[in-house]
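Take a look at the structure below.
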Amino acid sequence: MGQPVAEVSGYTATSTELIVSVAARALAGKRRVFAGVGLPTLAVDLAQRTVNPDVELVYESGVCAAHPTSMPESIGDAVIVAGAEAVLSMQALFGYVLQGGHIDVGFLGAAQIDRFGSLNTSFIGDARSPRVRLPGAGGAPEIMMNAAEVFVIMRRHDHGSFPAELDFCTSPSPVRACASGLGLPHRGMGVSTVITPLGTLERPSAFAELELISVHEGVSVDEVRAATGWDLKVADDVRVTMPPSDESIRLLREEIDTVRLYLR
Amino acid sequence: MGQPVAEVSGYTATSTELIVSVAARALAGKRRVFAGVGLPTLAVDLAQRTVNPDVELVYESGVCAAHPTSMPESIGDAVIVAGAEAVLSMQALFGYVLQGGHIDVGFLGAAQIDRFGSLNTSFIGDARSPRVRLPGAGGAPEIMMNAAEVFVIMRRHDHGSFPAELDFCTSPSPVRACASGLGLPHRGMGVSTVITPLGTLERPSAFAELELISVHEGVSVDEVRAATGWDLKVADDVRVTMPPSDESIRLLREEIDTVRLYLR
Amino acid sequence: MSHDKVLSMTEAIRRFVSDGMTVALEGFTHLIPYSAAHEIIRQQKRDLTLCRMTPDIISDQLIAAGCVSKLVASFFASGSAGSLYEIRRRVESLVPEALEVEEYSHYGMVSRYHAGASGMPFAPLRSYSGSDMPDLNPLLKVVDNPYGEGTVYVVPALNPDVTIIHAQRADRSGNTQMWGVLGAQQEAAYAATRTIVVVEEIVDGAVVRADPNRTIVPAHVVDAVVLSRRGAHPSYVQGGYDRDGEFYREWTAISHEPERLRQWLQDWVYDLKDSDDYAEKLGPEKWAALAVSDRPSGVVNYGSSR
Amino acid sequence: MSHDKVLSMTEAIRRFVSDGMTVALEGFTHLIPYSAAHEIIRQQKRDLTLCRMTPDIISDQLIAAGCVSKLVASFFASGSAGSLYEIRRRVESLVPEALEVEEYSHYGMVSRYHAGASGMPFAPLRSYSGSDMPDLNPLLKVVDNPYGEGTVYVVPALNPDVTIIHAQRADRSGNTQMWGVLGAQQEAAYAATRTIVVVEEIVDGAVVRADPNRTIVPAHVVDAVVLSRRGAHPSYVQGGYDRDGEFYREWTAISHEPERLRQWLQDWVYDLKDSDDYAEKLGPEKWAALAVSDRPSGVVNYGSSR
């Protein structure tokens with residue numbers, strides 16, 4: 001592991017590896033990425049090793065332009081601090097870097113996402129007596145309000161996770177924020193890209209709805225429609241998602257997540 | 001200069017030296033002092049060498065618990081930074097240290113002071129076309145609003161500097177702030193002590209007016225009354241100000257302000 | 001200033017933490033004050049309102065030990081490492097009893113400490129527009145924007161009775177220096193009525209004064225300095241020891257079984273006297289696995305001419 | 001990130017400072033960007049709105065050279081060293097012409113930069129209740145306190161077109177490290193559309209990355225890095241050279257006579273090419289008098305286990 005693998009070929013990507021690879025590819029050309037815990041950690045790491053060596057990794061712990069020498073297990077790990085270009089106070093990180101509008105792409109996960117890209121990371125069931133207590137807000141509302149765009153990685157794609165209506169809205173889309181009539185507007189467009197085990201969805205602008213733009217190999221458009229809790233908009237030219245390269249899979253397995261912390 | 005002066009006696013204090021010595025004495029028992037530029041610099045330095053070796057000097061540049069090895073020429077000098085216990089951001093200094101209520105005594109000077117201890121450091125004449133443009137606010141409004149008490153050193157005591165009405169109020173007393181009906185109230189009592197070339201005035205509480213409590217040697221109560229632009233309240237038991245010790249004068253001249261920057 | 005504030009952990013917790021208090025234990029992934037929490041558990045403090053941005057395992061432990069009646073927080077998992085089942089049981093099935101929760105986003109919590117430290121009633125931020133969070137937490141309010149249209153969300157000041165933080169080093173009077181991830185420790189210390197600083201090392205004042213920009217929490221807001229080497233385990237200390245990822249992953253299983261959790265508290269908290277005991281029980285192999293490399297910061301010059 | 005942003009002073013000012021812009025030159029007694037101001041004077045920029053907490057001599061010079069039509073500031077003298085007569089002439093006798101002034105307190109200015117950096121329309125503070133300052137400056141407003149009685153004063157965001165700061169060191173991509181008095185430089189840089197960083201030394205990225213907590217302004221908000229050794233004279237650089245108190249005291253006399261001030265600008269700005277010329281003209285005796293002692297910060301360890 002870590003040694004060059006000269007003649008790799010024929011890796012079969014797991015669903016997680018596929019998702020991570022698609023996310024990494026979408027980071028091509030993006031300058032400054034707010035990297036969360038979990039699959040986003042893998043995606044930005046993979047992007048940095050493939051399509052975007054110059055991407056700047058920013059973590060909500062205050063670390064800017066991290067150069068981690070191994071995979072961080074949390075967004076405040078010692079390995080992202082050592083050798084970083086800056087470690088800022090959380091006030092400066094959330095206030096100046098994030099609210100100041102310096103993040104190009106924020107990465108979020110969610111238990112539920114709605115048609116316009118609002119996210120629930122708080123509760124399944126009634127918030128006042130929840131069936132499942134999810135991790136909650138963290139910095140997600142700030143990332144959603146302030147990043148120029150947000151990539152969402154969903155581990156599931158079904159009616160539970162793509163409902164007609166969220167059980168709870170933790171991090172709102174611009175559509176929902178605007179409708180509330182309260183508070184300052186989003187700095188960016190909210191969610192631009194959603195990557196799921198079935199395909200890729202995109203929103204072209206702040207007030208647009210999610211649109212299916214690619215299905216993964218072996219998945220039909222109808223399957224995706226059926227798995228989505230609303231009448232899913234489908235692009236005229238839905239493609240089949242380009243599969244991850246063998247090299248991407250090799251990097252993920254043998255260099256990035258060697259302990260299979262996130263590739264589970 | 002700096003060498004021990006064994007048999008000093010009979011120094012005659014200048015007006016400035018008298019004022020500084022009185023101010024230094026008033027610092028006995030105070031823990032944390034916000035030290036401004038000018039005579040306050042001399043007063044806190046003298047206090048630290050005499051009545052209050054443990055006083056903590058805080059400067060608006062962010063320096064806390066300075067241990068200057070020579071007299072600072074500004075509130076952000078290299079000599080107060082080197083060897084200080086902490087150098088904070090200005091946000092932390094003004095927000096957390098000052099607004100947070102950690103300053104026991106703030107030192108201010110002024111061109112004008114009124115009956116309740118409001119200060120003018122901005123304009124003589126009409127503010128919109130001033131006869132004299134004074135230095136302005138600086139951190140004075142913040143010191144006035146947030147220090148537990150404020151000492152004021154006045155270089156003059158006459159109708160111009162103790163007027164019935166200020167030409168402009170830069171840093172308000174609690175009386176004035178309360179009357180405005182706007183903004184948050186003072187954290188402390190505003191001005192507690194005013195030291196002038198004629199005597200010492202005090203306010204016992206946030207809404208009290210200034211009261212003459214001592215006259216300097218050779219000054220009569222009537223002289224102070226006549227020099228004050230309002231009907232000055234006089235304590236029943238006005239004392240004669242205790243003159244500075246020879247040692248205080250020696251320290252000021254030979255160890256503290258050897259370049260006579262402020263003792264002019 | 002030169003006041004000596006060094007106390008034993010037992011004495012610091014006994015003197016400054018009382019039943020019913022609002023207690024902030026801050027440290028964002030880094031420098032989490034575990035040894036202080038364990039002493040709070042040993043002293044059986046009750047009815048605390050615990051404030052922590054990321055509750056982390058430390059909150060699961062304090063709650064399981066019956067110290068906490070209310071949690072004020074912005075995240076309810078343990079980083080990537082999984083669920084905090086004690087918290088989940090309290091919230092999802094009210095077992096063994098309900099836990100009151102007051103919930104913010106991360107910047108909401110930072111801003112609350114900032115407002116508290118600044119003597120302000122509130123701090124404004126760009127979050128919450130369109131979120132359901134204000135429905136659940138009526139303390140999320142708006143003010144009118146006097147410079148334009150519309151409104152701005154604000155969060156209220158948070159002023160803990162006590163803030164406890166863990167740091168790399170302090171002098172005996174409490175000047176506290178940290179490096180690496182700084183979290184909301186400065187704000188939380190200034191916001192509190194009392195502050196306890198737990199450190200890996202007590203250093204001479206000259207060490208602090210050689211690098212005054214490194215002082216994050218000055219002595220004037222510190223009430224007690226407690227020496228507790230390795231007291232941040234299983235979290236980490238930059239330049240000291242690394243995060244114990246293995247234990248973080250184990251906790252999901254430990255906390256999943258109430259009986260196992262109780263046994264863990266017995267073995268690792270109640271049966272031990274202090275963090276020295278705890279470090280010893282962890283054993284030399286664990287500490288060897290968590291040992292860190294040498295990455296020196298370099299030196300800067302603070303010289304002046306006079 | 002690894003983008004090389006090093007420019008000559010001439011090029012940086014030419015490219016990023018245009019007539020009519022709002023320009024912040026920050027540095028609170030320490031690290032005042034004199035050499036950048038002198039280049040602005042040489043390039044005869046006009047109609048600038050100059051933002052500086054303490055105008056200092058640098059503002060008197062820029063105003064006397066005709067570069068500035070409006071001053072946004074919180075103090076109008078030069079520390080202890082006396083008056084800034086060019087400013088006083090403009091304000092008191094409108095000679096040679098009026099100068100528009102927008103006035104705050106120090107924390108008002110810090111809070112304006114903070115709001116600007118934070119993407120907020122305003123920041124709240126405890127100042128101004130009962131002061132006449134709001135009468136003079138209608139941008140000082142109040143909002144209702146939603147958590148209690150009464151109102152809270154707020155100041156509006158300040159977002160300069162360009163912020164220029166001077167620092168001890170930066171790498172070629174713009175990661176800027178400072179120590180000693182930090183002023184409002186971080187806030188002012190984040191608040192601005194463009195930031196020029198002038199440094200005493202350009203260092204390898206490895207130097208910066210050895211001590212990331214020392215980075216006050218990260219590369220992502222820096223547009224130009226300019227090397228200008230001794231360019232902060234007559235202000236000072238902690239660990240570099242001391243404040244030239246003698247010149248600060250002389251300025252009162254220089255600025256008192258418009259003709260003498262004009263001659264000073266001729267001799268010390270227009271007739272010189274850059275800050276190297278200026279430093280040379282000051283001469284070795286001056287620099288010897290301003291030389292600083294060695295007060296090393298000590299070293300901390302950033303090591304991690306992996």
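Numbered from 1 within each chain, the chains take letters A, B, ... in sequence-line order. Below, each value reflects all heavy atoms present in this structure, side chains not excepted, and no hydrogens, waters or symmetry copies.
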task: Hey, could you give me the NE2/CG distance between C:H106 and A:L93, rounded to the nearest 0.5 Å?
output: 10.5 Å
- prompt: Which of the residues A:G125, A:S61, A:S171 is involved in the greatest number of heavy-atom pairs with chain C at under 4.5 angstrom?
  reply: A:S61
Option passing side-chain contact (heavy atoms from CB on, under 4.5 Å) with C:V181 (candidates A:L88, A:D77, A:V63): A:V63
task: Can you tell which part of C:L94 gets under 4.5 Å to a heavy atom of chain A, answering side chain, backbone, both or neither?
output: neither
field: Contact winner vs chain A - C:D132, C:T29, C:T54, C:I216, heavy-atom pairs under 4.5 Å
entry: C:D132
Residue A:Y59 versus chain C: region with a heavy atom under 4.5 Å: neither
task: Give the member of C:E187, C:R88, C:R295 that has the highest number of heavy-atom pairs under 4.5 Å with chain A.
output: C:R295
- prompt: Is it the side chain or the backbone of A:L134 that comes within 4.5 Å of chain C heavy atoms, both, or neither?
  reply: backbone
task: For the residue pair A:S122 and C:E103, establish whether any side-chain heavy-atom pair is separated by less than 4.5 Å.
output: yes
statement: chain C shares the most heavy-atom pairs under 4.5 Å, among A:V87, A:V132, A:N146, A:T121, with A:V132
- request: Could you tell me which portion of C:Y104 (side chain, backbone, both or neither) has an atom closer than 4.5 angstrom to a non-hydrogen atom of chain A?
  value: backbone
task: Answer whether the closest heavy-atom distance between the side chains of C:M53 and A:M90 falls below 4.5 Å.
output: yes
message: Let's test your reading of the structure: which of A:G139, A:P141, A:S89 forms the most heavy-atom pairs below 4.5 Å with chain C?
response: A:G139
- line: Heavy atoms of C:D135 and A:R128 approach each other most closely as O-NH2, 3.0 Å
statement: Okay, A:A82 and chain C: the region with an atom under 4.5 Å from a heavy atom over there is both
- request: Could you have a look at C:G108, C:G239, C:S93, C:S129 and say which one has the most heavy-atom pairs with chain A under 4.5 angstrom?
  value: C:S129
query: If you round to the nearest 0.5 Å, how far is CZ of A:F94 from OG of C:S105?
result: 7.5 Å
When A:A140, A:A179, A:P185 are compared by non-hydrogen pairs under 4.5 Å with chain C, the top option: A:P185
message: How long is the straight-line distance from CG of A:L182 back to CG of C:L140, given to the nearest 0.5 Å?
response: 11.5 Å
query: Highest number of heavy-atom pairs under 4.5 Å with chain C: which of A:H186, A:M144, A:M145?
result: A:M145
message: Need one label for C:Y153: side chain, backbone, both or neither, based on atoms under 4.5 Å from any heavy atom in chain A.
response: both
- prompt: Is it the backbone or the side chain of A:S129 that comes under 4.5 Å from a heavy atom of chain C, or both, or neither?
  reply: neither
message: Test your reading of the model: is there a side-chain donor-acceptor pair from C:S131 to the backbone of A:T170, 3.5 Å cut-off?
response: yes
query: Quick one: does C:S74's side chain have a donor or acceptor within less than 3.5 Å of a partner on A:G138's backbone?
result: no
- line: Answer key: most heavy-atom pairs under 4.5 Å with chain A among C:H30, C:E149, C:Q186, C:H114 is C:H114
- request: Heavy atoms only, distances under 4.5 angstrom: which of C:L182, C:V154, C:V152, C:V237 has the most pairs with chain A? Name it, please.
  value: C:V152
message: I want to check something: taking the side chain as every heavy atom from C-beta on, are C:R126 and A:L98 in contact at a cut-off of under 4.5 Å?
response: no
query: Considering all heavy atoms of both residues, which atom of A:F168 and which atom of C:M133 are nearest to each other, and what is their separation?
result: CZ-N, 3.7 Å
task: Taking atom CZ of A:R253 as the centre, report whether more than 12 heavy atoms of other residues, nucleotides or ligands fall under 6.0 Å from it.
output: yes
- request: Check A:G181 against C:T151 and note the closest heavy-atom contact, atom names and distance.
  value: O-OG1, 4.3 Å
A:S118, part contacting chain C, at a heavy-atom distance under 4.5 Å: neither
- request: Tell me, out of C:V110, C:L136, C:V142, who's got the most heavy-atom pairs with chain A below 4.5 Å.
  value: C:L136
